[in-house]
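So you know, we letter chains A, B, ... as the sequences are listed, proteins then strands, and number each from 1.
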2 protein chains.
Amino acid sequence: MAATLRDVADRAQVSVRTVSNVVSGYEHVSEKMRQRVQRAIDELGYIPNPVARTLRTGKTGLLSLVVPEIDVPYFSQLAREVIDAAGHLGFQVMIDQTGHDHERERQLLRGGGRRNLFDGMLFASLATRDELRDVNPARSSPLILLGEHLFDRRFDHVAIDNVVAAHDATSHLLDRGRTRIAAIGAQPKESYATPLQRTEGFRKALRERGLGPVNALQRTAAHYGRADGYAAATSLLRKSPRPDAMFCYSDLLAMGAIRAVFDAGLRVPEDVAIIGIDDIEEGRYSRPSLSTVSLDTPFIARTAVSRLAARIEDPSLAAEEFIAPHTLIARESTENR
Amino acid sequence: MAATLRDVADRAQVSVRTVSNVVSGYEHVSEKMRQRVQRAIDELGYIPNPVARTLRTGKTGLLSLVVPEIDVPYFSQLAREVIDAAGHLGFQVMIDQTGHDHERERQLLRGGGRRNLFDGMLFASLATRDELRDVNPARSSPLILLGEHLFDRRFDHVAIDNVVAAHDATSHLLDRGRTRIAAIGAQPKESYATPLQRTEGFRKALRERGLGPVNALQRTAAHYGRADGYAAATSLLRKSPRPDAMFCYSDLLAMGAIRAVFDAGLRVPEDVAIIGIDDIEEGRYSRPSLSTVSLDTPFIARTAVSRLAARIEDPSLAAEEFIAPHTLIARESTENR
DNA sequence: TTGTACGCGTTATCAG
DNA sequence: CTGATAACGCGTACAA
């Protein structure tokens, strides 16, 4: 059915080598030869078979992006940037979801069960220290960690400074005159880096202003979704005296929290100020619009993809860490009363 | 470096044929043999090379999902379901974005420039009649169209009944006593099926209640995003008398419209009722929560993936059309005044 | 039930 | 600059 390199060679009366040269744009081919071959290619409608090429070269041109759930706005935004950045470098992207399942994460880190169909992997899902420890950087396929995993320095790693980001968000609430500040997003089992660091930044900011321990005003959230934020905020509002501000570890948590405040008959920001982290577009249109810490997703995506490409070229590269910039964005949800 | 089938065969003192049988779970292998081979496999840490297997079998186990932008909630939710459904059938999913670029759509429909690295494609982006006409179903790789393209019956097609959905949404607004109903989402150039059908359903519902032509209350929207909804709604509110309801062709348009109404100093639903289509999670937490037409995304994803799998098995299948169910969901944004 | 040998479509090596 | 030919790793018809 489909024409092969050999078919073209036969038709053009040349060797497959010559055809291959023309197809892959090899320099030293006479113009005459090139035209003759090109004509045969066009006549037969020949298209190179990427699988055969891959078998020979060992490169598929495929990257794998692993996220917990692609329909979480932060991750779909990241995916968008990653796919674009990868495209510019000639890669296509396949997506895997872990669904917060540890076993699945472990499995994907080992290369998806089978030997990889991809040249490298961007891992943006959670992973505990233990799961990473099982992975041997020297033997596994090229891997870049995104946003987490500060524990393990054997891997390339693109992230933000979570301690500072959380500190900035909390300080912003303090600057607005809030004093009973709650935090939503610590993990039930503290095994991940990001929530730990955000909690650290949160507490640090409070300490700097002479505010004591705040365990009673902290709430865990398993999945950083709207429902988690809603539940946590509802629980916090039952306390007396109730908090006058909430720092949410993700914008999605914040969206849930905002709704919870209103369902409790209170107002944002008048009664409770709310700030998140991520800067998803949703927060720019919500009522009130959401104050947040904006992460430079394009930077993260570009850095991760180009670093992965470099590591595919040279797997012996020493592991490096890249910190993406973040900016505090004040919107309506933390305005002064 | 990596062990091959032949390495295992040498080590187990058997032929490659036998090893291959064991690996691919062939029935008729003696238990003794199986164990001997399995031991060699484990010792060498052998993993089959999917590329070589693909070259031989012609199947990559990869599906391509094409969307306009993955970070649009409707599409990321669809992607989530598609990836899950594909996983159950042993497929992985790569994602391509068209970014509303016609040339790119055309290119992807032709198989991404190169011959396909995937077994089949789910096309959920827009495409005009012309773009599809260039594609020959018999020669291209297996293709399923999602949600659009009712023009062309040469392809498998999974969609909802857009005319009825739009009719339901509009009727809901009429049932709530609204009389000056606007519509946001027609296309500047009417080349796509979905907006045309929604406009048809919209007008049909108005006609049934004896309401005349409404061109003055229709607004186009190029990309169905929040910004488009905001701009269109703002423009509509300047009319006098102003509309008392807006039917948005997507939930995202509706989110932008809600914000626009409030920025204009008016209230939803008291002054303007708003309804969308899609049922994205965002609309369940927004203020007011968003009335909408819920599409059965899991059904769409499962149907599309299993149909694609079937078509990969048997490319000669006759094209078929699948209609996914939809349900009207009334929330706060269309409550009675 | 198992072994041998060939082909899948490329790229790379080595002559010429 | 171009031709012949050997890999790449696996599946399978054919033979035993």
Side-chain angles (χ1 to χ4, degrees), chain A residues 1-41 44-62 90 111 113-119 141, chain B residues 1-41 44-62 90 111 113-119 141:
Chain A
M1 177 76 202
T4 103
L5 205 57
R6 176 163 262 110
D7 297 336
V8 178
D10 288 352
R11 177 158 194 118
Q13 305 277 21
V14 296
S15 80
V16 291
R17 166 69 207 252
T18 304
V19 180
S20 178
N21 282 343
V22 172
V23 170
S24 36
Y26 186 58
E27 290 289 318
H28 310 285
V29 183
S30 69
E31 190 50 38
K32 208 163 152 190
M33 193 93 280
R34 178 182 305 283
Q35 290 188 2
R36 175 143 64 109
V37 171
Q38 189 58 52
R39 231 187 83 197
I41 289 178
L44 272 59
Y46 166 76
I47 304 174
N49 180 333
V51 176
R53 180 174 287 172
T54 286
L55 178 59
R56 191 58 240 226
T57 62
K59 302 215 176 306
T60 61
L62 243 44
R114 22 179 159 181
R115 193 192 300 179
N116 320 334
L117 196 68
F118 45 81
D119 297 335
S141 74
Chain B
M1 176 75 202
T4 105
L5 204 57
R6 173 164 264 109
D7 297 335
V8 178
D10 289 351
R11 177 158 193 118
Q13 303 277 21
V14 297
S15 78
V16 290
R17 167 68 205 251
T18 305
V19 179
S20 179
N21 283 343
V22 171
V23 170
S24 36
Y26 188 57
E27 290 288 318
H28 311 284
V29 183
S30 69
E31 190 50 36
K32 209 161 150 188
M33 195 92 269
R34 177 181 305 283
Q35 290 188 3
R36 177 143 63 110
V37 172
Q38 189 59 52
R39 230 188 83 197
I41 289 177
L44 272 62
Y46 166 74
I47 304 174
N49 180 333
V51 177
R53 183 173 282 173
T54 287
L55 180 58
R56 192 55 235 222
T57 63
K59 302 214 176 306
T60 60
L62 241 46
R114 24 180 159 180
R115 193 190 301 180
N116 318 334
L117 196 67
F118 46 79
D119 296 335
S141 76

Are any of S20(B)'s side-chain N or O atoms less than 4.0 Å away from OP1 or OP2 of dG11(D)?
yes
Separation of dT2(C) atom P from D10(B) atom CG, nearest Å, is 17 Å
The criterion is side-chain contact (heavy atoms from CB on, under 4.5 Å); which residues satisfy it with T18(A), sequence neighbours excluded?
V14(A), S15(A), M33(A), V37(A)
Rounded to the nearest 0.5 Å, what's the gap from CG on L44(A) to OG1 on T4(A)? Could you check?
9.0 Å
Quick one: D7(B) CG to dC8(D) P, roughly how many Å, whole number?
10 Å
Comparing T18(B) and R56(B) on DNA chain C - which has the more 5′ nearest nucleotide
T18(B)
Indicate the atoms forming the closest heavy-atom contact of P48(B) with P50(B), along with that distance.
O-CD, 3.3 Å
Hey, could you give me each pair passing salt bridge (charged side-chain N to carboxylate O under 4.0 Å, His left out) that has a residue in residues 47-60 of chain B? Not counting sequence neighbours.
none
Pairing residues for E31(B) by the side-chain contact (heavy atoms from CB on, under 4.5 Å) criterion, not counting sequence neighbours
R34(B), Q35(B)
In whole Å, I'd like the distance from the CG atom of N21(A) to the P atom of dT11(C).
9 Å
The complete set of salt bridge (charged side-chain N to carboxylate O under 4.0 Å, His left out) pairs with one or both residues in residues 5-18 of chain B, sequence neighbours excluded, reads R11(B)-E43(B)
Atom-to-atom span, NZ of K59(A) to P of dT10(C) - whole angstrom
19 Å
Rounded to whole Å, the CG-C1' distance (N49(A) to dG9(C)) equals 6 Å
Hey, is the side chain of R53(B) poking within less than 4.0 Å of OP1 or OP2 on dG11(D), counting only N and O atoms?
yes
Can you tell me if S20(B) uses its side chain to pair, donor with acceptor, with the backbone of V16(B) under 3.5 Å?
no
Can you check whether S30(A) has a side-chain N or O nearer than 4.0 Å to OP1 or OP2 of dC1(D)?
no
Need the bend value for the helix from dT1(C)-dA16(D) to dG16(C)-dC1(D): angle between end axes, 5 pairs each end, nearest 10°.
40°
Nearest whole Å is fine: how far is dT4(C) C1' from Q13(B) CD?
17 Å
Whole-Å gap separating C1' (dG3(D)) and CE (M33(A)):
11 Å
Using a cut-off of under 3.5 Å, enumerate the N/O to N/O pairs linking the protein to nucleotides 13-16 of chain D.
residue, atom, partner, partner atom, Å
dA13(D), N6, R17(B), NH1, 3.0

Calculate the interatomic distance between L55(A) atom CG and dG11(D) atom C1'; express it in whole Å.
13 Å
Earlier contact from the 5' end, DNA chain C, for A52(A) and V29(B):
V29(B)
Separation of L117(B) CG from L117(A) CG (nearest 0.5 Å)
6.5 Å
Roughly how far, to the nearest 0.5 Å, is CG of N49(A) from CG of L55(A)?
10.0 Å
Should T4(A) be listed as having a side-chain N or O under 4.0 Å from OP1 or OP2 of dG9(C)?
no
Pick base, sugar-phosphate or nothing for L5(B), based on heavy-atom distances below 4.0 Å to the nucleic acid.
sugar-phosphate
All heavy atoms of A3(B) vs all of Y46(B), minimum pair found to be O-CD1, 3.2 Å
Just checking V14(B): base, sugar-phosphate only, or nothing, at a heavy-atom cut-off of under 4.0 Å?
sugar-phosphate
